[in-house]
Amino acid sequence: MSGEKEEASFRMFGAYGEPEERRDVLESSGVSSQPEPQVQQQLGSLFGVPWQPPGPPIQHSPADQETSTVTQQQWHLQGLGRSELQAAGLPDAQPGEAAESSPRQVLLEPDSVGVRATATHPLLKRAPQGSWKVGTLLHGKRVYAVAISGSTHHVYTCGSGYIRVWDESMLHAGNKAPRAQLDLQHPQDRVVTCKLFPDERSLITGGASQAVTLWDLAPTPQVRAQLTSTGPTCYSLAVSSDAHICLACFHGFVEIWDLQNQILIRKHEVPVYGSRCVDITGNIFWTGGEDTTLYSWDLRSYQRLHQHNLQNEILSITHDPGEEWVLAGLRTSDIVFLHTRRNEQFKALMKKYTRHHSLKFASCGSYFVTAIDTRLSGLEAPSLQKLFQIEESSGILCCDVSSDNQYLVMGSSSSATIYQLLY
């Protein structure tokens with residue numbers, strides 16, 4: 001096959017069951033209305049869960065049906081491994097080169113309450129089956145970033161001028177004052193990204209300010225250190241699993257910080273239009289943005305490892321708890337799954353273009369949430385079964401799931417909404 005793509009037109013059903021023309025899958029992809037067992041096994045191998053034949057549809061709780069505004073959902077999953085790339089005449093991704101591929105498409109048939117499950121495993125029983133709105137936290141300004149701890153159920157809402165701290169008693173009420181307000185160094189400073197440390201005793205924030213700020217949260221929230229930045233705006237943060245390294249993503253470069261000694265290790269240049277978001281898995285970090293390419297970099301040599309052309313703007317990057325899979329949320333609402341050590345990738349196709357696309361994987365690894373404009377969906381891994389769906393009245397700017405998988409928090413124009421997850 002030559003380097004040019006051979007396009008074929010086919011019909012697919014989007015998120016609302018409406019037909020839509022798509023011309024981005026190869027004619028040789030063998031699109032079928034029934035999933036193929038071989039590809040279903042690939043799907044089931046996501047996150048280390050063995051594939052089994054589909055069982056009866058999962059029954060959802062009444063609360064889930066109440067909060068779900070769309071009960072029928074059509075999902076398309078695309079998967080491509082090394083052997084399939086070679087069989088299709090498509091090249092593997094080489095170091096420093098873009099990975100151009102049109103993966104095989106698998107159609108998951110919907111039932112009356114969502115997408116039929118394709119895998120069963122004891123781990124999946126830990127995924128929630130619904131959600132219940134418990135309260136609203138009145139931040140007072142736009143909530144650009146939010147975090148919730150699993151140990152204390154404290155919520156941190158971040159925006160312009162200050163961060164507000166809410167304890168668990170305030171989650172179930174809409175008119176209580178915050179437990180504390182942490183004023184930023186300058187009133188015009190704005191936090192647009194935040195990350196809790198794995199032990200949940202520290203928080204790091206970045207945004208439109210002259211520093212990335214490290215906060216001690218216990219016993220009383222206070223600034224531990226101001227890490228002076230070399231750029232005006234930090235768009236995204238990532239913290240290593242051992243909390244030793246922090247990556248701060250700026251326009252055209254990533255700052256790599258030693259958090260233990262609070263020193264800047266390196267200012268690493270990345271493509272200017274590939275620096276909207278960052279994530280870290282082991283000794284590899286990932287960047288992406290407007291240029292539609294997901295880059296992977298070696299954290300030891302700082303060499304670029306691979307680049308994957310995802311064909312649409314990348315708005316968010318996250319990973320599963322085992323650090324085996326990286327998820328990229330696209331402008332088209334699609335979600336791309338890439339294996340961190342094998343040449344495997346999948347794509348879940350959605351329907352609409354979006355301004356905001358937030359992704360968060362639950363700490364248990366059995367599900368993740370995706371927030372697109374005013375809608376948040378909880379999806380089971382690896383089956384992509386829709387577990388619950390929430391429709392907000394205003395756009396969702398950010399989201400987080402507590403590490404004990406009990407609460408979900410979403411930030412919007414002037415407040416944060418709290419949902420309890422139902423099992």
Side-chain angles (χ1 to χ4, degrees), residues 135-149 152 154-167 170-171 173-197 200-239 246-255 257 259 262-264 267 275-278 315-316 355-356 358 392 394-400 409-418:
T136 301
L137 306 177
L138 300 179
H139 182 78
K141 297 180 181 180
R142 187 178 294 266
V143 180
Y144 292 101
V146 68
I148 179 170
S149 73
T152 62
H154 286 180
V155 175
Y156 306 90
T157 56
C158 308
S160 297
Y162 54 80
I163 299 169
R164 286 187 167 176
V165 183
W166 314 79
D167 63 31
M170 302 167 183
L171 306 188
N175 56 357
K176 287 190 176 181
R179 178 189 178 193
Q181 178 170 304
L182 312 177
D183 292 328
L184 303 182
Q185 189 173 12
H186 303 287
Q188 68 272 20
D189 288 351
R190 182 171 70 251
V191 173
V192 300
T193 177
C194 70
K195 290 290 182 182
L196 275 174
F197 280 31
E200 300 186 337
R201 297 178 61 85
S202 301
L203 178 77
I204 191 163
T205 61
S209 66
Q210 296 301 312
V212 172
T213 304
L214 187 57
W215 304 83
D216 283 327
L217 301 179
T220 302
Q222 60 183 341
V223 175
R224 182 198 307 176
Q226 297 276 4
L227 309 180
T228 303
S229 304
T230 56
T233 303
C234 173
Y235 300 103
S236 178
L237 289 168
V239 177
C246 174
L247 304 178
C249 198
F250 295 83
H251 190 62
F253 64 92
V254 172
E255 290 182 347
W257 286 90
L259 291 176
Q262 300 167 14
I263 59 174
L264 180 64
K267 179 180 176 180
S275 55
R276 175 192 292 270
C277 39
V278 66
L315 300 184
S316 58
R355 293 184 61 191
H356 302 283
S358 298
E392 290 285 279
S394 59
I396 302 169
L397 304 178
C398 53
C399 65
D400 195 22
V409 58
M410 294 176 286
S412 58
S413 58
S414 61
S415 62
T417 310
I418 308 296

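The model shown is predicted, which means the values in this text are computed figures rather than measured ones. Hydrogens, waters and symmetry mates play no part in the numbers below; they use all other heavy atoms, side chains included.
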Please name the pair of heavy atoms, one in Ser229 and one in Val212, separated by the smallest distance, quoted to 0.1 Å. OG-N, 3.4 Å
Testing the basics here: between Gly395 and Ser412, what is the closest heavy-atom pair and its distance to 0.1 Å? O-CB, 3.4 Å
Find the distance between [atom1] ([X]) and [atom2] ([Y]) and round it off to the nearest 0.5 Å.
| X | Y | atom1 | atom2 | answer |
| --- | --- | --- | --- | --- |
| Leu182 | Cys158 | CG | SG | 8.5 Å |
| Thr213 | Ile163 | OG1 | CD1 | 7.5 Å |
| Ile148 | Met410 | CD1 | CE | 11.5 Å |
| Arg355 | Ile396 | CZ | CD1 | 13.5 Å |
| His356 | Leu315 | NE2 | CG | 9.0 Å |

Expected list for residues 137-144: side-chain donor-acceptor pairs under 3.5 angstrom, two or more places apart:
residue: His139; atom: ND1; partner: Thr157; partner atom: OG1; Å: 2.7
residue: Lys141; atom: NZ; partner: Ser160; partner atom: O; Å: 3.4

Taking everything shown except Gln226 itself, do over 12 heavy atoms lie less than 6.0 Å from its CD? yes
For Ser275, side-chain hydrogen bond (donor to acceptor under 3.5 Å, both in side chains) partners two or more places apart: none
Quick one: side-chain hydrogen bond (donor to acceptor under 3.5 Å, both in side chains) partners of Thr136, sequence neighbours excluded? none
Are side-chain heavy atoms of [X] and [Y] found at a separation under 4.5 Å?
| X | Y | result |
| --- | --- | --- |
| Trp257 | Ile204 | no |
| Asp400 | Val155 | no |
| Leu217 | Val165 | no |
| Thr230 | Glu255 | yes |
| His251 | Thr233 | no |
| Trp166 | Ile418 | no |

Which atom pairs, one a donor and one an acceptor, fall under 3.5 Å between side chains of residues 183-195 and the rest of the protein, sequence neighbours left out?
residue: Asp183; atom: OD1; partner: Gln181; partner atom: NE2; Å: 3.0
residue: Asp189; atom: OD2; partner: His186; partner atom: N; Å: 3.2
residue: Thr193; atom: OG1; partner: Leu237; partner atom: N; Å: 3.3

Donor-acceptor list for residues 218-225 side chains, cut-off 3.5 Å, not counting sequence neighbours:
residue: Arg224; atom: NE; partner: Asp216; partner atom: OD1; Å: 2.8
residue: Arg224; atom: NH2; partner: Ser202; partner atom: OG; Å: 2.5
residue: Arg224; atom: NH2; partner: Asp216; partner atom: OD1; Å: 2.8

Residues at least two apart in sequence or cross-chain that pass ring-ring contact (aromatic ring centres under 6.0 Å, His included) with Phe250, listed by chain then number, are Phe253
